[in-house]
Amino acid sequence: MKHYTHINDLGNLQESVQEAIALKESQTKDKALGEGKTICLLFFNNSLRTRLSTQKAAQNLGMNAIVMNFGSEGWELEFEDGIVMNQNKSEHIKEAAKVIAQYCDIVAIRAFAKLESKEKDYQEAVINGFIKYAGIPVVNMESAIGHPLQALADAITIEEFKTKKNPKIVLSWAPHPKALPHAVANSFVEMMALQEANFVITHPKGYELDAKITKNATIEYNQDKAFKNADFIYVKNWSSFKDYGQVLNTDVNWMITADKMKLTNNAKFMHCLPVRRNVIVSDEVLDSKNSIVIEQANNRTFAAQIVLKRILENSVTSSAVES
Ligand code: CP
């Protein structure tokens with residue numbers, strides 16, 4: 001695997017999930033693989049889990065990790081070709097990406113959707129700019145469209161907690177005062193397409209995700225109906241995709257409560273975090289024994305570790321072929 005920008009880059013998802021679970025027993029067994037290698041983690045947006053878990057994964061593999069809050073500390077980047085740079089942007093991606101590649105072997109990037117223009121967000125200028133100009137492997141730590149490291153951690157968590165071959169898994173929208181991107185929900189749907197499960201998405205009308213991503217998924221607009229017999233409830237807010245970036249609905253009845261969870265088959269509760277208590281989910285549910293959000297967050301390390309391991313293994317193979 002050269003880059004990790006999408007869950008499909010892994011190839012066989014189940015193999016990666018099983019390898020990640022096995023890795024937990026011996027977290028530093030591949031320490032020699034990353035010895036002498038460096039990863040740069042560039043954050044154009046805030047993070048807790050992604051930053052710490054990816055750093056820990058790199059360390060488990062023997063790598064050095066350099067972290068930069070690019071959004072607040074880096075020069076503002078220009079991505080357009082042929083532009084006269086006489087406004088506020090100080091450095092072009094062409095130089096920035098090539099310079100960063102001098103200091104590291106892998107670059108990992110977080111650059112959220114701005115939710116101002118669907119067309120601009122979908123160009124994925126930051127991730128694609130680094131892929132085009134850096135010449136080193138690029139890892140997506142949440143881009144405008146996807147969060148594949150989160151999706152892999154979610155797959156690991158589901159595998160660990162499922163008690164049947166074909167669990168019912170529900171992705172539910174919940175209300176939020178701010179407009180949030182679609183990345184986590186998109187990658188979760190894409191990951192579910194690779195799983196054996198009865199998968200249902202529930203959200204109010206107007207909150208349909210990109211139809212290209214949900215094309216094979218079941219959508220149920222009645223949340224109570226969707227929750228019936230569910231084994232996992234995965235909750236996330238996202239803004240409207242059609243009315244791009246708009247908050248169309250803040251109906252508190254969509255919040256996940258103990259009464260809603262009673263409709264399920266004693267379902268496990270999942271959320272990628274951070275989560276707003278008593279907005280997205282009630283305290284009662286988040287603090288219940290069925291909530292597996294901490295285990296889910298823990299799995300972010302092993303998801304990142306599998307991804308970095310695959311990239312390092314690929315670079316060893318590529319160097320052997322070249323020499
Ligand atoms: N779930 C997740 O990506 O968390 P952070 O935004 O804190 O990294």
Side-chain angles (χ1 to χ4, degrees), residues 4-7 9-10 17 20 39-60 65-73 106-115 121 124 126-127 138-158 160-161 169 171-174 176-192 209 232-239 256 268-277 279-281 286 291-308:
Y4 184 66
T5 61
H6 191 276
I7 190 83
D9 292 334
L10 285 170
V17 166
I39 183 169
C40 286
L41 309 180
L42 307 182
F43 287 89
F44 290 81
N45 308 96
N46 295 347
S47 168
L48 187 165
R49 282 142 288 271
T50 306
R51 178 174 175 146
L52 299 184
S53 63
T54 311
Q55 215 170 335
K56 185 173 174 201
Q59 284 165 0
N60 282 350
I66 302 173
V67 184
M68 182 170 178
N69 293 320
F70 211 99
S72 56
E73 295 163 354
I106 301 175
V107 61
I109 297 154
R110 164 163 286 198
F112 288 173
K114 291 197 164 86
L115 296 176
D121 283 345
E124 294 275 39
V126 185
I127 291 263
V138 173
V139 175
N140 180 350
M141 294 195 297
E142 187 171 344
S143 67
I145 311 174
H147 195 355
L149 284 174
Q150 181 66 53
L152 177 54
D154 298 339
I156 297 166
T157 312
I158 289 168
E160 288 179 322
F161 283 90
I169 301 177
L171 169 65
S172 178
W173 179 93
H176 195 286
K178 283 173 66 181
L180 298 188
H182 308 94
V184 170
N186 285 346
S187 289
F188 189 77
V189 174
E190 287 167 333
M191 180 274 288
M192 286 309 307
L209 292 161
F232 291 87
I233 300 293
Y234 191 105
V235 182
K236 185 73 187 84
N237 171 270
W238 58 88
S239 55
I256 312 306
K268 299 294 183 201
F269 173 84
M270 297 178 73
H271 189 284
C272 63
L273 304 181
V275 68
R276 291 193 184 217
R277 283 175 174 261
V279 174
I280 294 272
V281 54
L286 193 54
S291 169
I292 54 172
V293 295
I294 305 303
E295 290 86 345
Q296 194 182 345
N298 181 39
N299 281 333
R300 291 294 309 274
T301 299
F302 308 103
Q305 197 165 328
I306 286 296
V307 165
L308 298 183

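Heavy-atom basis, side chains included; hydrogens, waters and symmetry copies ignored. Numbering of ligands and ligand atoms starts at 1, following listing order.
- By the 4.5 Å heavy-atom criterion applied to side chains, Arg51 and Phe43 are counted as neighbours.
- The shortest N/O to N/O separation between Thr50 and ligand 1 falls below 3.5 Å.
- Short contacts between ligand 1 and Ser47, defined as distances under 4.0 Å to a heavy atom of the residue, involve ligand atoms 5 (P), 7 (O), 8 (O).
- In summary, the side chains of Gln150 and Asp154 do present a donor paired with an acceptor at a separation below 3.5 Å, with no hydrogens or angles considered.
- Under the 6.0 Å cut-off for aromatic ring centres, Phe232 and Phe161 do not qualify, their centroids lying 6.0 Å or more apart.
- The heavy atom nearest to atom 1 (N) of ligand 1, out of those in Asn45, Val184, Leu273, Val293, is found in Leu273.
- Nearest to atom 2 (C) of ligand 1 among the protein's heavy atoms is Arg300 NH1, 3.3 Å.
- Distances below 4.0 Å separate heavy atoms of Cys272 from the following atoms of ligand 1: 1 (N).
- Residue-ligand proximity: Met141 is placed with every non-hydrogen atom at 4.0 Å or more from ligand 1.
- Donor-acceptor pairing under 3.5 Å is lacking for the side chains of Asn140 and Glu124.
- Using a 3.5 Å distance cut-off with no hydrogens or angles, the side chains of Ser72 and Asn69 do not pair a donor with an acceptor.
- Across His147, Arg49, Gln150, Glu142, heavy-atom proximity to atom 3 (O) of ligand 1 is greatest for His147.
- Considering backbone and side-chain N/O of Arg51, none are found under 3.5 Å from N/O of ligand 1.
- Looking from atom 6 (O) of ligand 1 to the surrounding protein, the closest heavy atom is Arg110 NH1, 2.8 Å.
- Of the protein's non-hydrogen atoms, the one nearest atom 7 (O) of ligand 1 is Leu48 N, 2.7 Å.
- In this structure, Ala303 and Leu152 approach most closely via the heavy-atom pair O-CD2, 3.6 Å.
- Although no hydrogens or angles enter the test, the distance criterion places no donor-acceptor pair under 3.5 Å between the side chain of His6 and the main chain of Pro148.
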